[in-house]
**Student:** 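Dumping the structure here so I can ask a few things about it.
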Amino acid sequence: MENNEIYQCNKWIYIPQGQDLPCRYVRCNAVVNEKPQIRTFKYLNLLPKYGTTYPNQKITKKSYSFIGLFLILLVEIYLSTKFNLNLLLMAFFTFIIYIPFIYDKVQLSPSLCTKHNKIRIILKTINYFLLFTGIILMIAELFDIKNIYPLGITGFAMFILSFISDIIFSRYINILSVLYITNDNEIVIDKVCEEFRNNFPEKVSLKNMI
């Protein structure tokens, strides 16, 4: 019999697909009066051999995609050292284009409080500016535009800085953190505040223990 109740276990929240979260923000448990919006969340579903092993983890076709990306990058980096250094930049563009396809997606309707939404918008704007400016500068380097020097290094630095910033401020940028989906089609989320987690009953079962 499938479970239709949201519950907590090991500080994680288990959400059966189709169930709605309460109108509270997961990071601070603040009550949100606005209607929640359906949002798409991505998560990296690695094979247990190459990543973290989660209890009752559902493996999908995209779980194998990371291996393909890694092999492509190795080939391009090797070719860049043998033939053309610009291929090294092409390797990073491959990473940018390919990486969205290695993530699995789920849909949830979380609430977002006004305070954290403002902070999120500011940080996302900064990250997008760094990311896209970095990409533009690296493209300019590929086409040998020399008005600004060095374009490639500057662009790459901004590109990396955008990812570092995203990691450092992920708690404020990401509305919630999806870990994985179980074989019972439960969406597991992490990094919620204790007050929000306590809205749900606690269950302990062998299949959910690490």
Side-chain angles (χ1 to χ4, degrees), residues 1-46 52 54-63 65 96-97 99-132 162-205 207-208:
M1 182 176 180
E2 292 187 1
N3 178 56
N4 293 317
E5 182 183 34
I6 300 176
Y7 64 95
Q8 60 168 304
C9 180
N10 299 329
K11 297 186 178 181
W12 296 345
I13 303 296
Y14 288 73
I15 310 166
Q17 289 197 22
Q19 292 296 311
D20 294 324
L21 287 166
C23 292
R24 293 176 176 272
Y25 184 44
V26 300
R27 308 290 190 187
C28 64
N29 201 40
V31 177
V32 180
N33 296 320
E34 297 180 3
K35 184 178 179 181
Q37 299 179 6
I38 297 176
R39 301 175 187 267
T40 300
F41 296 90
K42 298 178 181 180
Y43 67 98
L44 191 59
N45 190 19
L46 294 176
T52 303
Y54 293 122
N56 200 25
Q57 178 181 353
K58 184 176 183 179
I59 302 300
T60 66
K61 293 180 179 179
K62 289 191 176 182
S63 302
S65 300
I96 296 170
I97 295 170
I99 198 168
F101 296 98
I102 72 175
Y103 284 89
D104 275 300
K105 299 177 182 179
V106 295
Q107 287 191 329
L108 288 169
S109 302
S111 298
L112 181 61
C113 70
T114 303
K115 174 185 175 181
H116 285 94
N117 191 36
K118 290 179 180 178
I119 297 173
R120 178 173 175 266
I121 290 173
I122 293 171
L123 292 175
K124 284 191 69 174
T125 301
I126 294 172
N127 279 0
Y128 279 130
F129 172 78
L130 292 171
L131 177 64
F132 289 113
S162 70
F163 277 88
I164 293 174
S165 175
D166 186 75
I167 293 172
I168 294 175
F169 299 109
S170 61
R171 180 174 179 83
Y172 299 97
I173 295 174
N174 300 327
I175 298 175
L176 55 78
S177 175
V178 175
L179 284 180
Y180 70 106
I181 291 184
T182 69
N183 286 313
D184 300 318
N185 290 321
E186 296 169 324
I187 302 170
V188 184
I189 65 173
D190 188 19
K191 300 177 182 177
V192 304
C193 71
E194 183 178 357
E195 291 81 5
F196 181 84
R197 195 168 62 245
N198 288 337
N199 290 312
F200 311 104
E202 185 171 2
K203 293 187 179 182
V204 178
S205 61
K207 72 175 184 179
N208 289 331

**Student:** Can you tell me how far OG of S177 sits from OH of Y43, rounded to the nearest 0.5 angstrom?
**Tutor:**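 Between atom OH of Y43 and atom OG of S177 there are 12.5 Å.
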**Student:** State the CG-CD distance between N10 and E202, to the nearest 0.5 angstrom.
**Tutor:**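 It comes to 8.0 Å.
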**Student:** Angle class for the Y54/W12 ring planes (parallel below 30°, perpendicular above 60°, tilted otherwise)?
**Tutor:**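 Geometry flag for W12 against Y54: perpendicular rings.
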**Student:** Pair up each side-chain donor or acceptor in residues 19-28 with any protein partner under 3.5 Å, not counting sequence neighbours, and list the distances.
**Tutor:**
residue, atom, partner, partner atom, Å
R24, NH1, N29, O, 3.0
R27, NE, R171, O, 3.3
R27, NE, N174, O, 3.4
R27, NH1, K191, O, 2.7
R27, NH2, N174, O, 2.9

**Student:** When K58 is tested against each of D184, N183, N45, N185 for side chain to side chain donor-acceptor pair (under 3.5 Å), which residue passes?
**Tutor:**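 One option only clears the test, and that one is N185.
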**Student:** Give a yes or no on whether the backbone of S162 and the side-chain of D166 come within a donor-acceptor separation of less than 3.5 Å.
**Tutor:**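 No; judged by distance alone, with no hydrogens or angles, the pair does not exist.
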**Student:** With F196, which residues qualify under ring pair (Phe, Tyr, Trp, His ring centres under 6.0 Å), at least two apart?
**Tutor:**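 Expected list: F200.
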**Student:** Could I get the full list of side chain to side chain donor-acceptor pair (under 3.5 Å) partners for K105, not counting sequence neighbours?
**Tutor:** none
**Student:** List for me each residue that meets side chain to side chain contact (heavy atoms under 4.5 Å, CB included) alongside I164, sequence neighbours excluded, and say none if there are none.
**Tutor:**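 Partners of I164 under the side chain to side chain contact (heavy atoms under 4.5 Å, CB included) test: I160, I168.
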**Student:** Going by atom type alone, with no hydrogens or angles, which donor-acceptor pairs under 3.5 Å involve a side-chain atom of residues 32-40 and a protein atom two or more places apart or on another chain?
**Tutor:**
none

**Student:** Using the rule given for side-chain contact (heavy atoms from CB on, under 4.5 Å), can you reason through I6 versus I13, listing the C-alpha separation, both sets of side-chain angles and the distance that settles it, and then say yes or no?
**Tutor:** CA-CA 7 Å; I6 300 176; I13 303 296; 3.6 Å; yes
**Student:** State the CG-CD1 distance between L179 and I187, to the nearest 0.5 angstrom.
**Tutor:** 12.0 Å
**Student:** Hey, what do you get for NZ (K42) to CG (D104), rounding to the nearest 0.5 Å?
**Tutor:** 11.0 Å
**Student:** Measure the OH-CD1 distance between Y14 and I189 for me, rounded to the nearest 0.5 Å.
**Tutor:**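 So the OH of Y14 and the CD1 of I189 are separated by 11.5 Å.
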**Student:** Pairs of donor and acceptor atoms involving the side chains of residues 106-131, under 3.5 Å and at least two apart or interchain, shall be tabulated with distances.
**Tutor:**
residue, atom, partner, partner atom, Å
R120, NE, I173, O, 2.7
T125, OG1, I121, O, 2.7
N127, OD1, S165, OG, 2.7

